[in-house]
Amino acid sequence: MFLTITTTGVPERPATDLGFLLHKHPEKAQTFSTSHGTAYVLYPEADDQRCTAALLLEVDAVAMVRRGKGKGRGGAPDAALAQYVNDRPYAASSLLAVALSAVFSSAMRGVCAARPRRAAEPLPLRIEVPALPARGGPDLVRGLFEPLGWTVTADPLALDSAFPDWGDSRYVRLVLESDTLTLAAALRHLYVLLPVLDDAKHYWVSADEVDKLLRAGEGWLPGHPEQALITSRYLARRWSLTRQARERLELVRLAETDDSEVEEIDNAVAAETEEAEKPTPLAVQRRDTILAALTASGATRVLDLGCGQGQLVQALLKDPRYTEIVGLDVSVRALTIAARRLKLDRMGERQASRVRLVQGSLAYTDKRLRGYDAAVLSEVIEHLDLPRLPALEYAVFGAARPGTVLVTTPNVEYNVRWESLPAGHVRHGDHRFEWTRAEFRSWAETVAARHGYTVDLRPVGPDDPEVGPPTQLAVFTLTTVTEEAKAA
Ligand code: SAH
């Protein structure tokens, strides 16, 4: 199996620079042993005008089977002849992608000490793969490469050229041409998309494949129209890995949203909140009260449900006791701001592994929310229409069932104390209801009893002798496993 990479040159930029960019000298044929056989790099042509590098992989099918890596298509561990007699040696596939990354690893990262400027610049490229297994046919091949700036030729190969009426095989001859891409980008496209088109990964897909995919997909996968298909196939259709990858891609995309746009949103939100809640210190008091209650609960894995712009998530991240923090919100706009606030795109790996922002609605049960120590719903319930509240109740207390649930909501009795708030108005345009202390207590006690929690109600902010505190907090603690939960 093989592929060729060709570039053309001009006097001040000779085509043979390709040798520097690939870290492989054009005058030498080199051999590399990879985990599936021997890879060769050689240059069929190399002069100032035109230079072609060829990567050839000789697959050792027998050795692969011996090592248990040669399971047939679909991964069936059969002992059939298909393990030895298959298309692996001839067709470009995931094996070629692995060889590509092994042989051209620096080039894939865009590293080139000898020609640093050249590595960062687009160059004329022509890549040819004579036999590419393409599940999905030429249309999919175009759908995958064209959005990346390639001109694509994908000619189906006849099943047998001696018998044209047998029709086409699932292989195509692929030619990609572009002069707007860097070599590193081109290699990363191939590294991901060859196995996607092959759709038969030759090795077991493990969790670190997600990292590899995101690394290779940097700069092009987050906005790719076929992102769903690419992710799912690349990860051998493992649903949990695919979802993890797509969430991370979404965050990258959000983090890449134009700064000015986010600023605009920030200002709009600030204006909204200013009117509703003049003394910002209340937000701070609320956060401090929540943090104290979380500390007391001993939780380390925490959900912030309706996390909004991520202020609480940010505070939790600063405290190393929290090893897993998930912020969920229904609003992509809010999550955009949260991702920016947390600087998710610039976060170190360790820090990034502690936090996730996910989009979802609390009006539906969500398996992703199971198994956490604590959940916070800070100023969230009043954003749901009352008839939707039982759905949230079930999703949180019935299905997710964290050990501790903290719920805060405004105390409507206190509204008379807000100077700027006209009588009879709620504090925020999007509040669907605001409760008195008695109403909140009654709701909280009913929910607790129904789902096997105890509940403790506490004030947040100055506790006015007449009208109570501005914010009320309910601390729910799981006591029993209900029949309903057992059944679920
Ligand atoms: N918890 C934050 C934000 C509160 S504002 C804080 O204390 O500052 C309420 C948040 O709930 C908003 O971000 C809104 O998008 C979110 N929200 C409203 N309905 C939701 C639902 N059904 N599911 C998830 N989030 C929801």
Side-chain angles (χ1 to χ4, degrees), residues 1-6 34 36-42 44 52-62 64-65 69-76 78 80-101 103 125-148 150-178 186-203 226 229-230 232-237:
M1 57 170 85
F2 82 114
L3 64 77
T4 56
I5 305 171
T6 303
T34 76
H36 310 291
T38 311
Y40 304 90
V41 178
L42 46 119
T52 297
L55 171 69
L56 213 126
L57 179 66
E58 212 171 63
V59 174
D60 186 345
V62 175
M64 272 179 64
V65 173
K69 291 186 179 177
K71 292 174 182 165
R73 291 195 169 276
D78 56 89
L81 197 58
Q83 293 188 345
Y84 298 91
V85 183
N86 56 36
D87 66 358
R88 291 277 158 226
Y90 316 108
S93 66
S94 52
L95 296 181
L96 189 61
V98 172
L100 201 69
S101 76
V103 174
L125 283 171
R126 181 182 187 280
I127 290 175
E128 179 166 354
V129 188
L132 171 74
R135 196 155 295 217
D139 285 344
L140 181 62
V141 177
R142 279 188 288 273
L144 293 179
F145 285 101
E146 277 174 357
L148 300 171
W150 291 105
T151 304
V152 179
T153 311
D155 297 327
L157 299 179
L159 205 51
D160 189 322
S161 51
F163 300 95
D165 6 327
W166 287 9
D168 291 333
S169 67
R170 58 185 192 85
Y171 298 90
V172 300
R173 172 180 156 271
L174 174 70
V175 179
L176 300 171
E177 286 162 300
S178 164
L187 292 173
R188 290 195 275 113
H189 296 165
L190 292 171
Y191 174 73
V192 174
L193 297 178
L194 292 182
V196 163
L197 284 163
D198 182 21
D199 200 19
K201 278 215 134 183
H202 58 277
Y203 52 87
E226 294 290 350
L229 175 137
I230 295 170
S232 152
R233 282 198 185 183
Y234 185 90
L235 297 167
R237 298 202 166 79

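Note that these values count all heavy atoms, side chains included, but never hydrogens, waters or copies made by symmetry.
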Checklist entry - Would Leu176 and Thr151 satisfy side-chain contact (heavy atoms from CB on, under 4.5 Å), going step by step from the backbone distance to the final call? => result CA-CA 6 Å; Leu176 300 171; Thr151 304; over 6 Å; no
Item to check | Shortest non-hydrogen contact between Tyr191 and Ala97, atoms and distance | outcome: CD1-O, 3.3 Å
Checklist entry - Got a second to check how far Glu58's CD is from Leu95's CG, nearest 0.5 Å? => result 13.0 Å
Checklist entry - Quick one: which of Leu174, Val141, Val175 gives a side chain to side chain contact (heavy atoms under 4.5 Å, CB included) with Val129? => result Leu174
Checklist entry - Got a second to check how far His189's NE2 is from Leu194's CG, nearest 0.5 Å? => result 12.0 Å
Item to check | Partners meeting side chain to side chain donor-acceptor pair (under 3.5 Å) with Thr6 (sequence neighbours left out) | outcome: Thr52
Checklist entry - Considering only heavy atoms from C-beta outward, does the side chain of Thr4 approach that of Ile127 to under 4.5 Å? => result no
Checklist entry - Which is it for Leu57 and Leu100 under the side-chain contact (heavy atoms from CB on, under 4.5 Å) test, yes or no, and what are the steps along the way? => result CA-CA 9 Å; Leu57 179 66; Leu100 201 69; over 6 Å; no
Item to check | Heavy-atom closest contact (Pro130 atom, Phe2 atom, distance) | outcome: CD-O, 3.2 Å
Item to check | Atom pair CG (Leu132) and CG (Asp198), whose distance is rounded to the nearest 0.5 Å | outcome: 8.0 Å
Checklist entry - Is any side-chain heavy atom of Leu140 closer than 4.5 Å to a side-chain heavy atom of Val196? => result no
Next on the checklist: Return the CG to CH2 distance between Leu125 and Trp150, rounded to the nearest 0.5 Å.
Outcome noted: 5.0 Å
Item to check | Straight-line distance of Leu42 CG to Leu55 CG, nearest 0.5 Å | outcome: 9.0 Å
Next on the checklist: Side chains of Leu144 and Leu229, heavy atoms from C-beta outward: is any pair under 4.5 Å?
Outcome noted: yes
Checklist entry - Once you round to the nearest 0.5 Å, how far does OG1 of Thr38 lie from CG of Leu56? => result 10.0 Å
Item to check | Test salt bridge (charged side-chain N to carboxylate O under 4.0 Å, His left out) applied to Arg173 - qualifying residues, sequence neighbours left out | outcome: Glu128, Asp155
Next on the checklist: Applying salt bridge (charged side-chain N to carboxylate O under 4.0 Å, His left out), can you list everything that pairs with Glu226, at least two apart in sequence or on another chain?
Outcome noted: none
Item to check | Side chain proximity check, Tyr234 to Val192, heavy atoms < 4.5 angstrom | outcome: yes
Checklist entry - For Pro138, which residues count as a side-chain contact (heavy atoms from CB on, under 4.5 Å) partner, sequence neighbours excluded? => result Arg142, Ala154, Pro156, Val172
